[in-house]
Amino acid sequence: MRRLLFLFMILVTSLSACNKVVVEANYNIIPLPQTIEMVEGEPFILDSLVTVTYDTGNKGIANVAGFLTGYIEQAVGHRLSHTSVQENSLKKTICLKINDDIQHPEGYRLEVDSINITIEGADEAGLFYGVQTLRKSIPVVNKTAIVVFSAVKIEDYPRFAYRGMMLDVSRHFWTVDFIKRYIDILALHNINKFHMHLTEDQGWRIEIKSYPKLTQVGSKRKETIKGFITGEYDNTPHGGFYTQEELKDIVQYAAQRYIEVIPEVDLPGHMLAALASYPELGCTGGPYEVATKWGIHSDVLCGGNEKTYEFLEKVFTEIFEIFPSQYIHIGGDECPKTRWKECPKCQAKIKLLGLVDDKDYTKESKLQSHMTHRLEKFISSRGRKLVGWDEIIEGGLAPNATVMSWRGEKGAQIAARMGRDIIMAPNSHLYFDYYQTENTKTEPPAFPETNTMEEVYNFNPIPGGLTEEEAKHIIGVQANLWVEQIKEESHVEYMLLPRLAALAEIQWKNDVNKDYPDFLKRTERFISLYNKLGYNFSAAAFEPSASFIEDTEKKTLKIELSTPDNADIFYTLDGSLPTQKSKRYTEPVLLAGKGAIKARAYRSNELIDNNLYVQDYTVNKTTLRNVELLTDVSRYFQPPGGKAVLTDGRRGNDCHVFSYTTAWLGFSGKMVAVVDLDEEQEISSVVAGTLLVPNSKGAKYTISVSKDGKEYTEVFSEHKLFNALDDLNADVKNTRARYVKVEIEADNYAHVLVDEIIIE
Ligand code: ACM
Ligand code: ZN
């Protein structure tokens with residue numbers, strides 16, 4: 001290494017003498033190649049004199065060569081020429097070949113010496129990934145530059161054959177141009193499956209010629225709910241669909257980048273847009289309307305009507321013509337059986353098929369399974385493979401079906417034991433519509449759960465308890481990007497990047513010794529490329545994270561800040577934005593009174609140094625005191641901290657109307673809580689941080705006090721009108737109390753979420 005460094009210094013000195021920018025390639029990219037062997041020898045100098053040589057008569061290799069020269073021109077400004085033969089062996093070349101001796105499909109070998117960079121692929125896709133590796137090893141510069149590639153031997157291949165990323169194009173519609181940009185991003189990450197979620201309750205997005213109303217009616221909704229469950233609507237129509245020609249163009253664009261597009265028609269649930277178009281396909285016959293709110297809808301395709309089966313076969317027949325993919329996704333998730341239980345046609349079909357309830361499954365679940373079995377036969381008969389969400393296991397898994405496991409590992413374990421293939425896409429780690437940080441205050445809207453980049457990186461795709469043989473059925477990994485809360489293209493990119501880098505790493509590399517700080521370093525470099533390519537990204541993974549240190553004896557609260565790579569952290573407590581002139585973090589910070597701690601990590605990189613960690617806090621008479629709840633906690637809003645969140649000093653965030661983070665405790669309609677102040681004392685105010693979900697007009701706020709915890713006297717009661725979020729404030733000057741009972745009763749049975757009870 002020392003010798004190389006020396007050579008590099010000489011080169012830099014001699015080349016910079018002629019005023020050229022010189023940069024050194026770094027092979028520690030994402031995904032990290034399986035093996036990188038630095039070898040003895042002079043480096044390869046990439047400048048405008050290098051030619052790209054390959055068998056120019058081979059269309060596939062020419063395709064890859066086109067990408068290579070495009071990437072190099074984009075990266076360092078040299079437009080390299082192509083030749084079919086190497087005219088002069090002393091001329092520097094980048095040589096592209098297929099080599100049948102490379103065993104791993106999609107694998108490649110990349111060798112650098114002073115005269116040649118040779119990339120050999122097991123196949124065209126392998127060659128393409130070799131080119132991606134070369135491209136990603138070039139540091140980002142914004143000028144024409146000469147690149148020094150140290151002599152190296154890289155042997156590389158993917159761990160999983162299925163490396164997927166899903167995009168929901170139904171909850172919000174995306175243009176063809178944006179879909180192509182998304183595909184480019186996937187290619188940059190060596191992803192080879194693009195799963196398009198084409199149909200939903202809220203919109204049908206694929207032209208089907210035999211059922212034209214699917215797009216005439218089903219592709220438009222009249223308005224959209226704001227947030228998740230606010231009950232408020234935006235009064236703005238939303239719609240859009242892809243013609244079959246546009247989809248064929250997308251398929252071809254992806255294929256040039258060695259990506260297969262997998263279409264999903266989600267059935268028999270999530271079908272309101274289709275039912276609005278053809279009401280005769282539903283159990284009740286409608287009328288139906290394209291959904292304007294999120295969640296699970298009871299109206300689904302009728303499983304008892306032969307017209308449904310005819311509809312599906314015709315739809316899939318057209319889909320086969322557009323998408324040459326091996327896999328065809330039939331959804332299968334979240335299908336309530338409410339209508340099927342009441343529907344004469346469904347019940348008649350159940351009877352005809354002899355389906356009965358058993359200890360595992362209802363007869364209606366078995367009807368869905370019957371539907372999946374019929375489709376599986378149909379899809380297999382056309383030489384394709386059915387894939388569905390893990391609900392397709394319920395009622396009996398169809399033969400040859402591949403399971404996409406999204407609800408944790410259980411479905412995957414069952415399917416693997418049955419010898420069926422599985423794609424891991426669990427919402428515990430790989431849902432990119434979730435927040436990427438617990439620090440949601442400065443984040444754009446997201447589904448109110450969190451999957452941090454570190455969680456993605458640390459995901460182990462092989463579920464526990466499988467034998468080696470069973471584990472072979474885990475054929476791949478995929479992340480999903482649902483878009484209920486995402487309306488802007490830049491927001492899609494923000495949710496995707498850089499978590500996609502962590503996904504790419506687990507899809508590609510079988511890393512037994514995971515090293516997150518090292519991965520974060522590589523991500524930092526990768527982000528420079530995102531930035532150069534104009535992709536939006538999140539720097540949340542680089543911000544400090546915090547944990548609270550509670551001293552329950554002394555009733556003191558400290559906050560501990562850290563980053564995985566021990567970056568410098570600076571913070572303020574006075575509300576100002578931290579800079580490198582603020583206080584440097586060295587030890588846990590004692591919190592007192594109320595305020596906000598704001599912190600930033602610095603790594604001398606303006607692309608990631610802007611991310612701000614903010615936590616509002618309050619230390620008061622209730623802090624770390626015991627609370628007793630007299631109403632039940634709602635099953636929807638149960639933070640891991642339980643009732644202690646009401647007096648833990650952490651304020652919840654108010655972003656985006658409905659942002660459930662771990663700081664909020666929720667009750668259905670009403671909260672009654674008693675705080676024990678440990679001893680009788682004078683109090684002057686009782687504040688409760690309150691969020692009503694969905695928005696209701698307001699709430700009644702009542703405070704009673706007691707000295708013994710038995711006899712209570714009401715000291716304050718008021719009905720307050722407010723919009724979703726407020727600090728309810730009771731002025732109770734000159735009151736003496738040990739026990740303080742706080743009651744909040746929402747109008748219209750809304751959920752009452754409380755982050756903190758604050759007594760001064
Ligand atoms: C899903 O997230 N409903 C597959
Ligand atoms: Zn029915």
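Counting starts at 1 for both ligands and their atoms, following the listed order. Only this structure's heavy atoms are used, side chains among them; waters, hydrogens and symmetry mates stay out.
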message = Atom CD of residue position E488 - does it have more than 12 heavy atoms of other residues, nucleotides or ligands inside 6.0 Å?
response = no
key: Parallel, tilted or perpendicular, as decided by the 30° and 60° cut-offs, for the rings of F194 and Y182   = tilted
Starting from the N and O atoms of ligand 1, find every protein N or O within less than 3.5 Å and list the pair with its distance.
residue  : atom  : partner : partner atom : Å
ligand 1 : 2 (O) : Y431    : OH           : 2.6
ligand 1 : 3 (N) : D333    : OD2          : 2.6
ligand 1 : 3 (N) : E334    : OE1          : 3.3

query = Are there any protein N/O/S atoms under 2.8 Å from the Zn ion (ligand 2), and if so, which?
reply = C283 SG, C302 SG, C343 SG, C346 SG
task = Please work out which of the three classes, parallel, tilted or perpendicular, describes the rings of Y211 and F311, given edges at 30° and 60°.
result = perpendicular
message = Students often mix this up, so state it plainly: with edges at 30° and 60°, are the rings of W482 and Y431 parallel, tilted or perpendicular?
response = tilted
inquiry  = Test salt bridge (Lys or Arg N to Asp or Glu O under 4.0 Å) on E493 and R181; report intermediate values, then the result.
reply    = CA-CA 10 Å; E493 292 174 9; R181 184 176 161 97; 2.5 Å; yes
query = So among Q478, Q326, Q507, which one has a side chain to side chain donor-acceptor pair (under 3.5 Å) with Y162?
reply = Q478
query = When I206 is tested against each of T215, I322, L214 for side chain to side chain contact (heavy atoms under 4.5 Å, CB included), which residue passes?
reply = I322
For residues 328-336, tabulate all N or O donor-acceptor pairs below 3.5 Å that involve a side-chain atom, not counting sequence neighbours.
residue : atom : partner : partner atom : Å
H329    : ND1  : G331    : N            : 3.0
E334    : OE1  : H270    : NE2          : 2.8

Kindly list each side-chain donor-acceptor pair under 3.5 angstrom involving residues 420-427, sequence neighbours excluded, with atom names and distances?
residue : atom : partner : partner atom : Å
R420    : NH1  : A398    : O            : 2.7
D421    : OD1  : H473    : ND1          : 3.0

